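Worksheet: the structure to be examined is printed underneath.
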There are 2 protein chains.
Amino acid sequence: MTIRLADAGDNNVLKPCLHDYQVSCGSCRLNSICLPLALESDDIEQLDSIIQRSKPLQKSQHLYREGDHFKSVFAVRSGALKAYKTTDDGREQVTGFYFPGEILGMDGISNNLHASSAKALETAAVCEIPFTSLEKLSSIMPSLQRHFFQLMSREITEDQQLITLLSKNSADERVASLMLSISSRNSRRKLSATQFRLPMSRVDIGNYLGLTVETVSRVFSRMQKLEILRVDNKEIKILDPNGLQNMANVAG
Amino acid sequence: MTIRLADAGDNNVLKPCLHDYQVSCGSCRLNSICLPLALESDDIEQLDSIIQRSKPLQKSQHLYREGDHFKSVFAVRSGALKAYKTTDDGREQVTGFYFPGEILGMDGISNNLHASSAKALETAAVCEIPFTSLEKLSSIMPSLQRHFFQLMSREITEDQQLITLLSKNSADERVASLMLSISSRNSRRKLSATQFRLPMSRVDIGNYLGLTVETVSRVFSRMQKLEILRVDNKEIKILDPNGLQNMANVAG
DNA sequence: GCAAGTTCTTGACGCAAATCAAGGACGATA
DNA sequence: TATCGTCCTTGATTTGCGTCAAGAACTTGC
């Protein structure tokens, strides 16, 4: 059985003139994640008015590329994306995975160029938030300004978590941590915390965690043998959440 | 011969009533690094008015601790600090080193608690910037708002650099990269790019780079044998900048 | 200036994960 | 439904760095 992260484009029959990806912020089921603001409803309308929605990205299409002129940040509406940098010797470093309700592109603010590339891991819809409009709106809406400071700060603390993981933890611990992270992000979106489909390949996982594909694969096999989780290709079922926590051995 | 990063407290004789650490932003020699803003001089005065200066921290004193209530971000005026997190099994992860002109504490914004601790590596003076004042001022000074968005974004991209370093590079490459980073940050502050004193211990370096002390020490010995640099305890002299670039093998 | 503690260096050894290699499963296309 | 290409798994071997150990150099306090 498959848990779908995405729900874009499924509702055409019911709402023939309004695609799902065009839903306004006020009625978007993700708004508690994306904008957990004490916003007045006309504040939401103002924000809504600057947001641009376009048709979904197909799998492996780029949302932006490293070096592109920075114009907007993006909120994921459905599907999943990865962000990655290319090192000068041509290798790739995956810097993050982004699920519905999460914001990406903030690394482009510092010098008006995207510092990483973003690519759809599966069909994905995003909301584009033009940054100059966001800045102007932030000036007149203190809660929005604060919200964006907080979002960026959270990105910093999450990167620091990853730094710690890479610097201090074994292959087992790294993979277990990622599974827990995906699990908790799922439950935040009211999806199953114990059963989900990984949108990314083993290569991407390894790349993100500083491991080779082979090692990731071996860790999954080991976890399966220990009956911590059931792995069927990209389908994951967590059988023993405590065991997984144990294996991760980090404050998630 | 010793290159001093710090200059706090040396000028008492010349200016008996105004300690060096009390210099205003307008006349601070670091303001081009700390606030590279197109600020009008009365804008600078406004910013200046919210900034609090206190007497220098002694070596190994804390500026703030993980879990402390977040109130302010800090600009380093002199000396050097490290930021670090303690993992739940009691180990330490150094997440950054901060030199004069650099800003720290931004990881506390996301949930009003400092996500890491900050400790002086040597005598250090800092400027405290209360965050609520900064937010208010940002609302009425668009260039300041932008500046802080950019600062936070830079922190994100720098963390991503470190993630890549930890995930993809050898011990030699990591240490070489750190030396280049310190070198370029020095030259930005108009100090020697080729000769400096490391304010942090080998343990801290190893911790930051995900290596053991022994490995760091061995890398330094190797670099010395290859005549890339001369190491005399904490004194570093870069003899062959190209060789060092080569060894680092990363886009600095 | 000596003693005690800390920090740094160097060597010997072991191990976790990388590399190399091969085969199997899956998904797309015709 | 057969074929190609990509993705995943598993095994054998190698290796870079961690661990353990010991001693040297530096720092601090008496």
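Per chain, numbering begins at 1; letters A, B, ... match sequence-line order. Here the structure is a predicted model, which means the values were calculated and not measured. What you see below is based on every heavy atom in this structure, not just the backbone, and it leaves out hydrogens, waters and symmetry mates.
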Base, sugar-phosphate alone, or nothing: which one does B:S201 contact when heavy atoms must sit under 4.0 Å apart?
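It contacts sugar-phosphate atoms only.
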Within the structure shown, what part of the strands sits under 4.0 Å from B:G206 by heavy-atom distance: base, sugar-phosphate, or nothing?
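Contact class for B:G206: none.
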Please list, in 5' to 3' order, the outermost nucleotides of DNA chain D lying under 4.0 Å from any heavy atom of chain B.
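For DNA chain D, the relevant span reads D:dC17 to D:dC26.
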Who pairs with A:D68 by side chain to side chain contact (heavy atoms under 4.5 Å, CB included), at least two apart in sequence or on another chain?
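Once residues adjacent in sequence are excluded, the partners of A:D68 under the side chain to side chain contact (heavy atoms under 4.5 Å, CB included) criterion are A:Y64, A:R65, A:H114.
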Are A:I205 and A:L209 close enough that some pair of their side-chain heavy atoms sits under 4.5 Å apart?
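Yes - at least one pair of side-chain heavy atoms lies under 4.5 Å apart.
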Counting neighbours of NZ on B:K234 that are heavy atoms of other residues, nucleotides or ligands and sit closer than 6.0 Å, is the number greater than 12?
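Yes, NZ of B:K234 has more than 12 neighbouring heavy atoms, counting only those of other groups under 6.0 Å.
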Distance-only donor-acceptor check, side chains [X] and [Y], under 3.5 Å:
X: B:T212; Y: B:T215; result: yes
X: A:S116; Y: A:D107; result: yes
X: B:Q93; Y: A:S167; result: yes

Between the opening five pairs and the closing five pairs of the helix from C:dG1-D:dC30 to C:dA30-D:dT1, how far apart are the helix axes, to 10°?
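Computed angle between terminal axes is 50°.
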If you pin A:N233 and A:R218 to their nearest nucleotides in DNA chain D, which one's is more 5'?
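Here A:N233 is the residue nearer the 5' end.
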Residue mapping more 5' on DNA chain D - nearest nucleotide basis, B:K59 or B:T215:
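Here B:T215 is the residue nearer the 5' end.
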Restricting to pairs with a member in residues 202-247 of chain B, which pass ring pair (Phe, Tyr, Trp, His ring centres under 6.0 Å), not counting sequence neighbours?
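Of all non-adjacent pairs touching residues 202-247 of chain B, those that pass ring pair (Phe, Tyr, Trp, His ring centres under 6.0 Å) are B:F97-B:Y208.
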If you assign each of A:E214 and A:R174 to its closest nucleotide in DNA chain C, which residue comes earlier from the 5' end?
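The answer here is A:R174.
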Filter on salt bridge (charged side-chain N to carboxylate O under 4.0 Å, His left out), then keep only pairs touching residues 159-171 of chain B, sequence neighbours left out; what's left?
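Matches after skipping sequence neighbours: none remain.
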Testing the basics here: between A:I103 and A:E155, what is the closest heavy-atom pair and its distance to 0.1 Å?
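Heavy atoms only, the tightest pair is O-OE1, 4.2 Å.
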Mind checking which nucleotides bracket the chain B contacts on DNA chain C, 5' to 3', with an atom under 4.0 Å from a heavy atom?
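Listing 5' to 3', DNA chain C meets chain B from C:dC8 to C:dA12.
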Under a 4.0 Å threshold between the charged nitrogen and the carboxylate oxygen, would B:E122 count as salt-bridged to B:K59?
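Salt bridge absent between B:K59 and B:E122.
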Is B:R185 salt-bridged to B:E102, going by a charged N under 4.0 Å from an acidic O?
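Yes, charged N to carboxylate O under 4.0 Å.
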